[in-house]
Amino acid sequence: MSALAGVENSAGAVLRRAVELDGGGRYQESLVCYQEGIELLLQVLKATKDEAKKNHYRQKLRSYMDRAEQIKHHVLKEKEEGKYHKQIKIVENATGYSYENLFKPYVDEMLTEVWVEDPYIRHTHQLYNFLRFCEMLIKGPSKVKKINLLTSRDEENIKDQQMSGLQEIKNSLQDFGVTLEVTFSPSIHDREIRFDNGWMIKIGRGLDYFKKPQMKNPKQKSISAADFSLFGVSECI
């Protein structure tokens, strides 16, 4: 098989997947596939010498590009109407609420940047929670490149612990090509998480909704270890 035929087959497979996702109402995912398939088909068009085939590819491209544009407008409209806002309620002592289980439905291929607003990323277990959230993000399918954290300082007790812990997480994320930007505010009270694919998620207790875990190594703040799906949680809305 020639290189051109290989690219053409890949374009066909990706675009068929786009149509399948589109038909199933999974518009954000279909848009990613349409965009990838269109890019591949453009490569085929540029390399093709036969005029009849070029006209065929142009017609296909026009159709796919029109549909991708329609989906893009549809997704933007839904975002403006607030359909990408999620309020999550968790009852006391429930299990099965790991970050993976809770957030993965909103983590897709379009996600590249995340904003976390949480005033309580201070103590060891809170830093550990934030680390696990970051770990969940970089596992995919998203392509997260930047995480922004807005939190508050504990000036009286554990400033050094907080700063050194956040620096460890920042250094660890850099190994995965992810930038962590930390900003402090003395007046932050609300807790929310925003994804640049349009989702905004509010949890009453922020990321600190687990019962305080017993860690074998409380100083460890590097990407690895620990599954919170079996931890009990505190009630939050």
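None of these values were measured; they are calculated from a predicted model. Atom set for the values below is all heavy atoms of this structure, side chains included, hydrogens, waters and symmetry mates excluded. Residues: numbered from 1 along the sequence shown.
The list of salt bridge (charged side-chain N to carboxylate O under 4.0 Å, His left out) pairs with a residue in residues 58-72, not counting sequence neighbours, reads D22-R67.
Stacking of R132 on the aromatic ring of Y128 is recorded, both the 6.0 Å distance cut-off and the 45° axial limit being met.
Atom CE of M65 sits in a sparse spot, with 12 or fewer heavy atoms from other residues, nucleotides or ligands closer than 6.0 Å. Within 6.0 Å of OH in Y120 there are 12 or fewer heavy atoms belonging to other residues, nucleotides or ligands. Taking a 6.0 Å sphere around NZ of K53, one finds it holds 12 or fewer heavy atoms contributed by other residues, nucleotides or ligands.
Annotation: the span from Y106 atom OH to I193 atom CD1 amounts to 11.5 Å, rounded to 0.5 Å. With rounding to the nearest 0.5 angstrom, the CE atom of M163 is 11.0 Å from the CG atom of L127. Atom CD of Q162 sits about 11.0 Å away from atom OG1 of T124, to the nearest 0.5 Å. One distance of note links OG1 of T179 with CD of Q174; it measures 6.5 Å at 0.5 Å rounding. In this structure, S10 OG and L41 CG are separated by 11.5 Å, a value rounded to the nearest 0.5 Å.
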For C33 and L21: C-alpha separation, side-chain torsions, deciding distance, then whether side chain to side chain contact (heavy atoms under 4.5 Å, CB included) applies. CA-CA 9 Å; C33 289; L21 291 167; 3.8 Å; yes

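Using a 4.5 Å heavy-atom cutoff, the side chains of D196 and W115 are in contact. Annotation: side chain of V44 is not in contact with side chain of L40 (no heavy-atom distance under 4.5 Å). The shortest side-chain heavy-atom distance between L61 and L45 falls under the 4.5 Å cut-off. In this structure the side chain of L137 never reaches within 4.5 angstrom of the side chain of Y99, judged on heavy atoms. Side-chain contact between P119 and R191 is present, with at least one heavy-atom pair separated by less than 4.5 Å.
Under 3.5 Å, the side chains of E51 and N55 contain no donor-acceptor pair of N or O atoms. There is a side-chain donor-acceptor pair under 3.5 Å between E8 and Y57.
Without hydrogens or angle criteria, S185 side chain to S187 main chain gives a donor-acceptor distance under 3.5 Å. In this structure a side-chain-to-backbone donor-acceptor pair under 3.5 Å is present from K54 to T48. D118 places no side-chain N or O within donor-acceptor distance of the main-chain N or O of E192, the cut-off being under 3.5 Å.
In summary, R194 and E117 engage in a salt bridge, as defined by a charged side-chain N under 4.0 Å from a carboxylate O. Between K170 and E181 no salt bridge is recorded (no basic side-chain N to carboxylate O distance below 4.0 Å).
Closest non-hydrogen pair, S30 versus A18, comes out as CB-O, 3.4 Å.
A parallel orientation is assigned to the rings of H123 and H125, their planes being inclined by less than 30° (bins at 30° and 60°). Y34 and Y64 have tilted rings, their planes meeting at an angle from 30° to 60° on a 0 to 90° scale.
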